[in-house]
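Position 1 is the first residue of the sequence; numbering continues from there. Just follow the structure's listing: the first ligand is 1, and inside any ligand the first atom is 1.
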Amino acid sequence: MRHYKIEAFENLVNAFESLPTIGKKSAIRMAYHAVMVDGFAGMKLSHALETAINCIVKCTKCHNMSEDELCSILCRPLP
Ligand SMILES: [Zn+2]
């Protein structure tokens with residue numbers, strides 16, 4: 001059987017595999033699903049990931065996840 005590479009797919013597999021607890025087989029399954037089975041779910045994942053990375057920071061006071069400099073859970077006073 002001849003092996004060939006699809007670079008974009010390999011890059012996606014490598015990106016999934018770089019996540020904690022994700023091995024090669026799971027990374028291939030997730031990449032295949034996101035690209036070949038349900039492209040809409042793949043696009044939703046891509047958009048949610050980009051949005052979360054751009055919006056979520058560490059609270060400067062308690063280091064919880066926050067969308068603002070001070071988190072709304074512990075550090076920001078109630079209005
Ligand atoms: Zn905080």
Subject >> Crowding at CZ, Phe9 (>12 non-hydrogen neighbours, <6.0 Å) >> reply: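 Counting other residues, nucleotides and ligands, CZ of Phe9 exceeds 12 neighbours.
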
**OP:** Taking Ser18 for its side chain and Ala15 for its backbone only, find out whether a donor-acceptor pair lies under 3.5 Å.
**Re:**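 Confirmed, Ser18 side chain pairs with Ala15 backbone.
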
Subject >> Side-chain (Thr51) to main-chain (His47) donor-acceptor, under 3.5 angstrom >> reply: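 Indeed, once roles are kept as given, a pair shorter than 3.5 Å links the two residues.
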
Subject >> Metal site the Zn ion (ligand 1), protein N/O/S atoms found under 2.8 Å >> reply: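 If we list every protein N, O or S atom nearer than 2.8 Å to the Zn ion (ligand 1), we get 4.
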
**OP:** For Asp38, enumerate each residue passing the salt bridge (charged side-chain N to carboxylate O under 4.0 Å, His left out) test, keeping only those at least two apart in sequence or located in another chain.
**Re:**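 For Asp38 there are no salt bridge (charged side-chain N to carboxylate O under 4.0 Å, His left out) partners, ignoring immediate neighbours.
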
**OP:** Decide yes or no for Val13 and Lys24: does some side-chain heavy atom of the first lie under 4.5 Å from some side-chain heavy atom of the second?
**Re:** yes

Original post:
Within a strict 4.5 Å, meaning less than it, do heavy atoms of the Cys71 and Cys62 side chains meet?
Top reply: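 Yes; the side chains approach each other to less than 4.5 Å.
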
